[in-house]
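Scroll down for the structure; my scribbles are underneath it.
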There are 2 protein chains.
Amino acid sequence: MEHLELDIKMRILLSAKKLFARQGYDGTSVRQICEEANANIALVSYHFGGKEKVFEALFVNLFPHKDLLDIKDLLQDPVEGMRTMVHGVIKFTIADKELSDIVQQEIMLESNRMKVVLEFVNPMWSKVKQLLEKGKEEGVFHFTSLPQALLMVINLSLAHKKTCLIEKLFPNDELVPDILADQTVEFILRGLGAVKR
Amino acid sequence: MEHLELDIKMRILLSAKKLFARQGYDGTSVRQICEEANANIALVSYHFGGKEKVFEALFVNLFPHKDLLDIKDLLQDPVEGMRTMVHGVIKFTIADKELSDIVQQEIMLESNRMKVVLEFVNPMWSKVKQLLEKGKEEGVFHFTSLPQALLMVINLSLAHKKTCLIEKLFPNDELVPDILADQTVEFILRGLGAVKR
DNA sequence: GTCTATATAAAGATAGAC
DNA sequence: GTCTATCTTTATATAGAC
């Protein structure tokens, strides 16, 4: 029932993003999406070709492609490079919480839609992988298994905001985004053995 | 089509666990569960009272309640205590990958079923929280925000095995469970500033 | 306790009018 | 490009026979 100023295709995409994030892909119906978008049910098929295609279009149109990959010379200093990358990913998860929630849901489900998600997310992980390799070569990062180190960095970069997990344990608390990013980055760097304390 | 030797209630629960883990709660139908369990469709309603109740029963019956909480004197040495807890959680995620996958899916969805999941999972996080507090008091752990530190420890303990995330980046690799647990624990301890290098 | 048969609702998708 | 109306399938759940 929002963004009535936009054209229908975009309204459908934004509504799908909102509902997929809140209820998951399988928990969201095409009817719901169209209701939210103030669009007719038939338009999803007409404009996109079905629910699956809406999901794809969502990433094609709304994923912030280049932001993180345009940065040159990331590999010059692995520690600073890692700082930049992790900060960038966290910035994305805060800027578009819905899309980042969808990414994580699909990862956890290991659904068929992973193919689409990975297409957009892998370039970032590839950069992080390079940073880890370079850092290990130079002796600033210390870990046994590269794939597992990468997994830990990814998970910490993405899954920092699932506060529902602990809200019962911190009834009055709230997380401050600025502190969040810095603390996560420094945690990762220390975890990787890059001495910073 | 397995475990035909068990009684029907348990067969339904095990089939539900398997399918929820693979396809998610919303992506799994009662029909599918009964087919997998070699049971009649009507039996889910008769024995449990519906799909939601099957989910609940799954945790009530199959969640390893006490394993981690019986350990006494965990707080004597926060570093060793943390080592024990994280190892324990990782052991659980490996022992029952299906159940741990379900836990993570529901966390990411922030579904209505979180209430059930948290009931079983919170006691563990509560212990970890205590360890973090004690460790910070004693000056062995260093972090700014307790809730966020807790979140990072939880995430690393749970989400270490989503290898689908990076399998394109490591075509031939495989993760070794033993190394996994140790590397994760040490990563966490270093991340928390407990000097171990 | 287990089955068949069915009730009822909701899903995704499209034909055809406008 | 958008709508109404409808098709088909599938969902959860249950009544009632056995």
Side-chain angles (χ1 to χ4, degrees), chain A residues 1-61 102 105-106 109 111-113 115-116, chain B residues 1-61 102 105-106 109 111-113 115-116:
Chain A
M1 295 300 193
E2 298 169 39
H3 35 259
L4 285 167
E5 67 288 352
L6 298 169
D7 75 305
I8 289 225
K9 287 189 72 172
M10 186 54 73
R11 259 156 54 208
I12 290 175
L13 283 182
L14 290 175
S15 299
K17 179 155 72 79
K18 178 176 176 179
L19 292 171
F20 287 163
R22 285 195 187 170
Q23 314 173 336
Y25 178 86
D26 289 316
T28 303
S29 70
V30 174
R31 285 183 145 78
Q32 264 183 300
I33 294 171
C34 291
E35 208 169 308
E36 175 78 29
N38 227 289
N40 188 279
I41 322 171
L43 295 184
V44 159
S45 282
Y46 179 78
H47 284 297
F48 297 97
K51 190 181 176 186
E52 288 273 358
K53 299 294 178 60
V54 171
F55 185 89
E56 286 184 38
L58 210 130
F59 279 81
V60 172
N61 291 285
I102 294 171
Q105 286 170 21
E106 298 302 329
L109 268 174
S111 68
N112 302 326
R113 302 174 290 282
K115 210 185 116 286
V116 180
Chain B
M1 296 300 192
E2 299 169 38
H3 35 260
L4 284 167
E5 67 290 353
L6 298 167
D7 75 306
I8 289 225
K9 286 189 73 172
M10 187 54 72
R11 259 156 53 206
I12 290 175
L13 283 182
L14 291 176
S15 299
K17 180 155 71 78
K18 179 175 175 179
L19 291 171
F20 287 163
R22 286 195 188 170
Q23 313 173 336
Y25 178 86
D26 289 316
T28 303
S29 70
V30 175
R31 284 182 144 76
Q32 265 182 298
I33 294 172
C34 290
E35 207 169 310
E36 176 78 28
N38 227 289
N40 188 279
I41 322 170
L43 294 184
V44 160
S45 283
Y46 179 79
H47 283 296
F48 298 97
K51 189 181 173 184
E52 288 273 359
K53 299 295 178 60
V54 171
F55 185 88
E56 284 184 40
L58 208 130
F59 279 82
V60 172
N61 291 284
I102 294 171
Q105 286 170 21
E106 298 302 329
L109 267 175
S111 69
N112 303 326
R113 301 173 291 280
K115 209 184 116 289
V116 180

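Here is the naming used below: chain letters follow the sequence lines, and residue numbers restart at 1 for every chain.
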Using 0.5 Å steps for rounding, measure from the [atom1] atom of [X] to the [atom2] atom of [Y].
X	Y	atom1	atom2	answer
A/Lys115	A/Glu56	NZ	CD	6.5 Å
A/Ile12	A/Tyr46	CD1	OH	12.0 Å
A/Leu19	A/Lys17	CG	NZ	11.0 Å
A/Glu106	A/Phe59	CD	CZ	7.0 Å
A/Leu14	A/Arg11	CG	CZ	10.0 Å
B/Asp26	A/Leu109	CG	CG	9.0 Å

Taking [atom1] from [X] and [atom2] from [N], how many angstroms apart are they, rounded to a whole number?
X	N	atom1	atom2	result
A/Asp7	D/dG1	CG	P	10 Å
A/Ile12	D/dG1	CD1	P	11 Å
B/Tyr46	D/dA15	OH	P	14 Å
B/Glu35	D/dT12	CD	P	13 Å
A/Leu19	C/dA11	CG	P	12 Å

Task: Quiz item: cation-pi between A/Lys51 and A/Tyr25, 6.0 Å / 45° - done: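 Checked: cation-pi criterion met.
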Open item on the list: Are A/Cys34 and A/Val44 packed together at the side-chain level, in the sense that at least one heavy-atom pair is separated by less than 4.5 angstrom?
Closed with: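 They are in side-chain contact.
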Task: Proximity to DNA chain D (any heavy atom under 4.0 Å), residues of residues 48-58 of chain A only - done: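 None - not one residue of the stretch has a heavy atom sitting under 4.0 Å from the strand.
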Using atom names, set out every protein N or O paired with an N or O of nucleotides 3-9 of chain D below 3.5 Å, distance rounded to 0.1 Å.
from  : atom 1 : to      : atom 2 : distance (Å)
D/dC3 : OP2    : A/Asn40 : N      : 3.4
D/dT4 : OP2    : A/Asn40 : ND2    : 3.2

TODO: Mind checking A/Ser29 for me? I need base, sugar-phosphate or nothing, with any heavy atom below 4.0 Å counting as a touch.
DONE: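 The residue A/Ser29 makes sugar-phosphate contact but no base contact.
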